[in-house]
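In this text, all values refer to a predicted model and were calculated from it rather than measured experimentally.
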Amino acid sequence: MIEKNYQPADIEERMSRLWEDAGAFKAGRAERREATPFTIVIPPPNVTGSLHMGHALNNTLQDILCRFERMRGRDVLWQPGTDHAGIATQMVVERQLMERQQPGRRDLGRAKFLERVWQWKAESGGIIVNQLKRLGASCDWSRERFTMDEGLSRAVAKVFVELHRQGLIYKDKRLVNWDPKLLTAISDLEVQQIEVKGSLWYLRYPIEGRTFSPDDPKSFIVVATTRPETMLGDTAVAVHPDDDRYRDLVGKHVILPLVGRRIPIVADEYSDPEKGSGAVKVTPAHDFNDFEVGRRHNLPQISVLDKEACLALAGNEDYLRGLPEGSAELAAELNGLDRLAARKKIVARMEDFGFLERIEPNTHMVPHGDRSGVVIEPYLTDQWYVDAKTLAQPAMAAVRSGTTTIVPKNWEKTYFDWMENIQPWCVSRQLWWGHQIPAWYGPDGKVFVAETEEEAVSHALGYYVEQEVITPAQGREMALDRNKRSGFITRDEDVLDTWFSSALWPFSTLGWPDDTPEVKRYYPTNVLVTGFDIIFFWVARMMMMGLHFMKEAPFSTVYIHALVRDEKGAKMSKSKGNVIDPLHLIDEYGADALRFTLAAMAAQGRDIKLATSRVEGYRNFATKLWNACRFAEMNACAAPSDFDPIKTTQTLNRWIAHETARATREVTEAIETYRFNDAAGAIYRFVWNVYCDWYLELAKPVLMGEEGAAKTETRTTVAWARDEILKLLHPFMPFITEELWAVTAKREGLLVLAPWPRRTTELTAEQMALIAAASSPIEPVPALALPLNESADFSDPAAEAEIGWVVDLVTAIRSVRAEMNIAPATLTALVLSGASAETKERAPRWVDVIKRMARLSDISFADQAPEGSVQLLVRGEVASLPLKGVIDLSAERTRLDKELAKADGDIKRVDAKLANEKFVANAPEEVVEEEKEKREAASARKAKILEALERLKSVAS
RNA sequence: GGGCACGUAGCUCAGCGGGAGAGCACUACCUUGACAUGGUAGGGGUCACAGGUUCGAUCCCUGUCGUGCCCACCA
């Protein structure tokens, strides 16, 4: 028995359990061993995360694909898991420690702190997974992975070591994006350029050998800067080689104000005569451009800031080298100041001495750390880099050749643009939570990279024994005892960028580097579903790593979906407070409604502005379905498993079979081509506007009529179509459909594993034999080569025409009744005048239904419309409602006049077209033919309307 | 500075070379035996603007205006 009311919450919980108990989502189910696999790896959410709208969309779409392919008989593996999210997780735990007023990270020390993080993960790391389950995600949860699992960590180590051996990972000292709050390097991608209102300071640098005077422009050169505090690290001033203003100064020196350092004026094309003063200060240790300029001119790199972006001058040999006496005092005074405080002080000091020419307001882009939000400092350090440029080549080629397709295609350009300009990828992070870099250092700084500590240590000790740094005996001792070798051989403290392990996700989750059956069977995956915001972070890097280590691209399709925004189009963010929590929507409207909304709005290439009213609307859709199923139940509708709709005899049933086939085709093709919104639209229209609005209504008289063949067949067909609907809708609304599937009939299995509706067609004996011989009964059989469009086999033009006539007639009568303000309780008669033989034959079959739906008392035939009646045109014939006395004749005249005007308008427009010789000459024949038909129909309509008006006149007079 | 989208009904969005659709909202009527989370009927759009291509443009092209996003080392 179907409950009277649809209650999503209760259903969702029960269905989830049902699926889990049945192991429905498990990959490699015994009966599907022979089936073609279908694999998707989930974009692993952060363990720290909770489900947001982006996740909801992303996973809904993946789930639609997985459930669809599962029903199509494939062996589906939807590989779930979570990401350790280095910085984010470390921050969460640190914050928690602070809130609880417990010892902080540094107090705990590395080992203790990591213990705490693992403990946190065990307690709170499962939240997002449970939320995904609530959404209905049909992942194989038994295979859940975590990027820091033992197996995945081995994959990370192996990849690092191999890339290192191949020279594709190396250590380098260069400028990095340094986050002075988190005290770690970050990659280019983790830097956000934010527009900041600041100032441009114009500074006067005195020229060596000339007496400085603010009033004598010859005595100095002006440089403009947005970061005056970095002047302490200046090692040159650069001007453009073709800039006449400064030509004679090139080769001369300036004396750096306050500091007293003598630095050269160099000619370099980097300097832009249009910008600032045309002369630019060069600080190689604190600016990416200046770093390059410095390299070109062999300039020293003077770092004047420390890790926390405070001035580090005292004892800074690079800084103090060759400076006059007085400048050490300045150094002492400024030492330790934060960069902003230092800026103020230096500007003030410059002003005091007349070195500040002017200050201009200036708005410019300033790099910020996307996690910490603080201004990033270019900082000179040793870091590990991946040679992304080399790895990018095959990754680009795979997309160019079509091995991997990006859908929608326009994202390919973005992918290529980035890949072509790719920079070395800085992969080391000065954090604790993550994969510690498998590199060990000897006393002389020599690096030993190996997958395990044992290996690295034995390597290193062997090397130092050979170099006679230690004796073989010492070597043996150190090999056995970690304490003995500590201080001699130390491991790199840093961990790897989180995205390093994510890049391996499509194969590390399958067991690589071990040679597992899963790797063989499920790699490469079929499709990756993700948002465009991580194309660079993740997609590109998976392509690189997958191709390099597996020799095959990790997925054949990348489907890029939209971003979910709020109703006004703004990005949802906690700080803006415009976040819609998907869990709240699930609580209120059900997961099915949320999923359907997201699918319906997931049109390609457009962001989704989510309005909750849409969710409500689709919840109502679920209710509609619920009640339609109740109706079927109340009427004892049931279908035997071998029911064949092609064998139906009743026009109405043949019609719905035809419509079902069409819906099947539409939904199937739309999902196959990732047009989720079209798929959702097709099933929505079919359920509501075809099945409920017409089929069930038209079936009512039969179902309520006498027992007999017609009634039996209709009952069966109602149930059959319902079942097809449940199947077609299941990928979108899994919970309600599974529940209804279970409740409406005794079934052998769960809907989640039921076969997808066939694109039904009448098969030849030969084809049937092929199917019988196929390995899996639900697998597509290639040898069949069935045409995609199989609706023709199911189409019954006669049924279509007949039901179409009924629909049109009922609609027309309803419309005119509403217009004439006829109360629903008033039953009117219908007279079909001048009816064709066809109509005369049809009408009796539909008397009950038409009477019921159009609220008629009786239907009769006549040669002419009765006097004083309302006359309707239905498919070229006149249907009239004799309403003499009931209706206002002048109102009816007005109505007919309006219709006449419309018909005239149509005729005019078509005539104009047909009169245009060029149109007739150039337009395709069928378009011209169409117009001619339109013309004919319109003029026939006009004639009938004129007749009707004539008759009305005779009544009135 | 470069790139990519987008501007269609009051709102949120589909669509697309042959006179435009959905959901919500709105109006009127309906407690009809699946459903008021419903039914029936209806109102509402020079498809941002201006040119061009075409027999024909909401749809293709160019430009303008507006909005959003991504990328970029320019003091």
**Prompt:** Is it true that the NZ or CZ of A:Arg204 lies under 6.0 Å from the centre of A:Phe220's six-membered ring and within 45 degrees of the ring axis?
**Reply:** yes
**Request:** Report yes if at least one side-chain N or O of A:Lys700 is closer than 4.0 Å to OP1 or OP2 of B:A34; otherwise report no.
**Result:** yes
**Asked** So, do A:Asp678 and A:Glu666 sit near enough that their side-chain heavy atoms are less than 4.5 Å apart?
**Response** no
**Prompt:** Would you say the base of B:C35 and the side-chain of A:Lys624 have a donor-acceptor pair closer than 3.5 Å?
**Reply:** yes
**Fill in**
Closest of B:A75, B:U40, B:A22 to the A:Asp272 side chain is B:A75
**Asked** Any idea how A:Tyr684 and A:Tyr618 line up, ring-wise: parallel (<30°), tilted (30 to 60°), or perpendicular (>60°)?
**Response** perpendicular
**Asked** So, does the side chain of A:Glu360 form a donor-acceptor pair with the base of B:A75 at under 3.5 Å?
**Response** no
**Prompt:** With a 3.5 Å cut-off and no angle check, do the side chains of A:Ser199 and A:Asn362 form a donor-acceptor pair?
**Reply:** no
**Message:** If I pick the C1' atom on B:U58 and the same atom on B:G17, what distance separates them, to the nearest angstrom?
**Reply:** 10 Å
**Asked** Looking only at atom C1', what distance separates B:A25 and B:C65, rounded to whole Å?
**Response** 30 Å
**Request:** For nucleotides B:G21 and B:G3, find the distance between their C1' atoms and express it as a whole number of Å.
**Result:** 33 Å
**Item:** Polar pair under 3.5 Å, donor/acceptor by atom type, side chain A:Asn916, base B:C55
**Value:** no
**Prompt:** Say you pick atom P in B:G45 and the same atom in B:A20; how far apart are they, in whole Å?
**Reply:** 13 Å
**Message:** Once hydrogens and angles are ignored, does a donor-acceptor distance under 3.5 Å link the base of B:U37 to the side chain of A:Arg619?
**Reply:** yes
